[in-house]
Amino acid sequence: MEMSSVRIKYSNKRVMAVLIVIILLLQAGTALADIAPPYQPPGSNPQPDSESTQVRMLAETVTIDVGPGGGDSLGKAQVTADFTMRNLGGEVETMAVRFPISASDGRSNYPEIKNLQVKVNGNNVRTRRIEGEDPFYGSKLVPWAEFDVSFPPDVDVPVRVSYTLEGTGYAPFVSFQYILSSGAGWKDSIGSADLIVRLPYEANTNNVILDQQIGWSMTTPGGEIAGDSIRWHYDDLEPGYEQILDVALVVPAVWQKILIERDNVSKNPQDGEAWGRLGKLYKGIAFLSRERRADPAGTELYQMSIAAYEECLRLKPNDADWHAGLADLYYLNFNLTRWEDPYNHDDLVLASRLVQRAIELNPNSPKAIELLEEFGWNDYVVREGEGYDFLVLTATPTAYVFSTRTPEPPPSETPSPTVEATAIRLVETPIIVDAAPASATATAAAIAVTPTGTPTSIETKESPVAETPEVQAAETRSGGSLCGAGALVIPFGLAAVVIARRGMKRTASPG
């Protein structure tokens with residue numbers, strides 16, 4: 001293939017990837033929030049930013065039960081919010097309590113939460129549909145749910161609100177949010193708040209993303225992981241404007257696939273295809289749109305992916321697609337960390353050797369051809385007759401060879417050693433032909449965690465060509481930064497606070 005046509009095709013891919021990310025950025029999910037008092041509750045004070053009811057939220061317990069999702073869904077959750085309300089005044093207060101059920105998604109659409117049910121004192125109560133300010137823009141009227149509650153003096157009144165929530169984000173990550181700020185309209189602070197997110201499997205730092213902004217979401221600090229849950233507890237909480245609970249997760253359907261493949265390689269460690277699929281799944285969740293995950297789990301997942309791919313290639317030394325899959329892993333890491341050390345090209349060397357081997361094994365390997373196109377666009381490879389010249393394997397690794405945008409080192413600095421020296425790190429596993437049993441070390445490194453429960457079934461010999469939609473999105477290299485997307489998913493409950501106080505690709509290929 002000619003390099004000019006390669007660059008044009010890859011450039012078109014980059015444009016499409018950017019457009020896809022822009023579309024995803026505009027996907028605002030349905031938000032969830034605390035109940036709020038009416039716009040003008042009994043005894044209201046006409047002055048803005050004043051609490052005008054004597055009813056206090058003594059306690060709340062919110063449970064978000066995350067389900068697997070499926071189809072076009074990144075994940076759904078069943079939300080149950082239990083509130084204990086007490087009237088601290090001397091008179092009965094009867095009011096229409098409100099709950100926002102819709103808001104603009106930023107694209108002139110107004111999605112609504114599903115299956116809303118309300119109980120007061122243990123009894124189902126009917127809600128009525130009213131109109132209120134759009135929680136996003138205020139200038140447009142949107143649907144709210146309203147229900148009547150009577151609060152006698154000094155009596156605890158339990159209120160339960162439940163509904164179905166759709167997760168937000170883009171694969172292979174999803175976030176669920178709960179708005180605390182809408183509870184600020186009640187009397188005084190919230191006495192206690194317990195917030196619980198439950199997963200359909202064991203929660204850990206690999207599937208719960210901590211200490212890492214993933215664009216539109218960042219898990220709220222202070223959560224404790226135990227068993228299948230992440231928990232937060234607050235006493236005397238005075239929620240501020242825009243205060244939310246946020247939890248960022250690996251898409252549940254993706255993590256379920258990982259558990260299945262872990263179980264497969266544990267039961268049959270000689271299944272090279274299962275090792276390859278496991279390595280590919282780890283790869284999909286070790287990277288964000290434009291960076292490697294910076295949390296410690298991101299580094300761990302990267303190493304686990306390498307170990308799984310290497311075990312796959314030990315068992316399948318002549319499989320071009322899995323060679324290209326491991327090359328893709330190294331190339332991803334090189335691209336996303338290259339600016340930290342522009343003279344360290346070890347991962348590019350490894351990726352080039354693996355692509356070179358993949359093309360030798362199968363000149364028509366889709367993943368290898370895809371990587372060749374990207375290498376060509378970046379001038380890492382040139383066509384020579386019927387073959388390819390991988391420049392990184394034949395030249396001293398100066399910054400000029402690998403990036404014309406990177407300056408030459410100052411005279412006082414010494415460039416990295418020649419390619420021949422850095423290539424010593426090359427993994428020799430891809431060309432080993434022996435099929436000895438998998439080592440316990442490799443198995444432990446790649447599996448890392450013993451799966452809990454009984455995984456569901458999976459195709460026993462899935463082709464490496466099969467690319468899940470979740471991992472396709474994860475492997476989009478040119479996606480724009482998602483930072484700032486939170487402004488498009490501002491939760492619905494925000495409007496309740498304001499009102500009460502004043503009276504948010506790459507094509508499918510093997511490997």
Side-chain angles (χ1 to χ4, degrees), residues 31-45 50-65 78-101 113 115-130 132 135 143-165 178-196 231-239 243-245 491-501 503:
L32 59 159
D34 280 351
I35 56 176
Y39 181 60
Q40 290 182 334
S44 63
N45 188 321
S50 299
E51 291 169 341
S52 49
T53 176
Q54 295 299 307
V55 178
R56 185 188 184 197
M57 186 182 292
L58 289 183
E60 68 172 315
T61 299
V62 179
T63 304
I64 303 173
D65 284 301
Q78 180 62 34
V79 182
T80 304
D82 287 302
F83 308 98
T84 301
M85 314 298 293
R86 180 181 296 176
N87 182 356
L88 303 181
E91 303 291 334
V92 175
E93 288 192 29
T94 300
M95 66 179 75
V97 177
R98 302 176 306 138
F99 192 87
I101 59 176
I113 59 174
N115 307 318
L116 177 66
Q117 294 185 337
V118 178
K119 289 186 176 183
V120 178
N121 289 314
N123 301 314
N124 290 323
V125 297
R126 299 188 63 179
T127 63
R128 52 188 175 270
R129 191 182 181 92
I130 63 170
W144 286 63
E146 182 181 75
F147 52 96
D148 295 324
V149 184
S150 181
F151 297 102
D154 203 29
V155 174
D156 289 350
V157 177
V159 177
R160 167 174 285 190
V161 178
S162 61
Y163 45 87
T164 303
L165 178 70
Y178 186 85
I179 310 312
L180 295 164
S181 49
S182 56
W186 301 102
K187 176 72 172 177
D188 298 333
S189 63
I190 299 174
S192 67
D194 287 286
L195 312 171
I196 305 163
R231 297 171 179 265
W232 292 260
H233 176 80
Y234 303 94
D235 290 311
D236 293 319
L237 176 66
E238 184 63 63
Q243 184 166 355
I244 67 172
L245 168 71
F492 298 164
L494 214 50
V497 179
V498 176
I499 293 171
R501 286 294 194 182

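Counting from 1, the numbers follow the sequence of the chain as shown. For the numbers below, each heavy atom of this structure counts, side chains included, while hydrogens, waters and symmetry mates do not.
With a 4.5 Å cut-off on side-chain heavy atoms, Arg56 and Trp186 do not count as touching. The side-chain heavy atoms of Arg86 and Asp156, taken from C-beta on, include a pair separated by under 4.5 Å. Side chains of Val97 and Val159 form no contact here, defined as non-hydrogen atoms less than 4.5 Å apart. In this structure, Leu165 and Tyr178 have side chains that are not in contact, with every pair of non-hydrogen atoms separated by 4.5 Å or more. Counting only heavy atoms from C-beta outward, the side chains of Val92 and Pro153 approach each other to under 4.5 Å.
Thr94 contributes atom OG1, which lies 8.0 Å from atom CG of Asp148 (distance to the nearest 0.5 angstrom). Atoms CG and OH, from Leu245 and Tyr234 in turn, are 6.5 Å apart once rounded to the nearest 0.5 Å. With values rounded to the nearest 0.5 angstrom, Leu88 atom CG is found 9.0 Å from Thr53 atom OG1. Put simply, CZ on Arg129 and CH2 on Trp144 are 13.5 Å apart, with the number rounded to the nearest 0.5 Å. Between the OG1 atom in Thr61 and the CG atom in Asp194 there is a gap of 5.0 Å [rounded to 0.5 Å]. The distance from the CG atom of Asn87 to the CZ atom of Phe151 is 8.0 Å, given to the nearest 0.5 Å.
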Go through it in stages, so that I can follow the logic: the residues are Asp235 and Ser192, the test is side chain to side chain contact (heavy atoms under 4.5 Å, CB included), and I'd like the CA-CA distance, side-chain angles, deciding distance and then a yes or no. CA-CA 4 Å; Asp235 290 311; Ser192 67; 3.8 Å; yes
Assess the residue pair Leu180 and Leu195 against the criterion (side chain to side chain contact (heavy atoms under 4.5 Å, CB included)); give the C-alpha distance rounded to whole Å, side-chain angles, the decisive distance to 0.1 Å, and a yes or no. CA-CA 10 Å; Leu180 295 164; Leu195 312 171; 4.2 Å; yes
Step-by-step side chain to side chain contact (heavy atoms under 4.5 Å, CB included) determination, Val55 to Lys187: CA-CA 5 Å; Val55 178; Lys187 176 72 172 177; 5.7 Å; no
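Listed here is the closest heavy atom pair of Gln54 and Gly89: CB-N, 3.6 Å. Between Ala184 and Pro239, the closest heavy-atom pair is CB-O, 3.6 Å. Ser189 and Leu237 make their closest contact through CB-O, 3.3 Å (heavy atoms, listed as atom of the first residue, atom of the second, distance).
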Show which side-chain atoms of residues 116-124 pair as donor or acceptor with protein atoms under 3.5 Å away, not counting sequence neighbours.
none

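By the neighbour-count criterion of 12 heavy atoms within 6.0 Å, atom CZ of Arg128 is densely surrounded, having more than that number from other residues, nucleotides or ligands.
Under a 3.5 Å cut-off, the side chain of Asn115 and the backbone N or O of Thr164 do not form any donor-acceptor pair.
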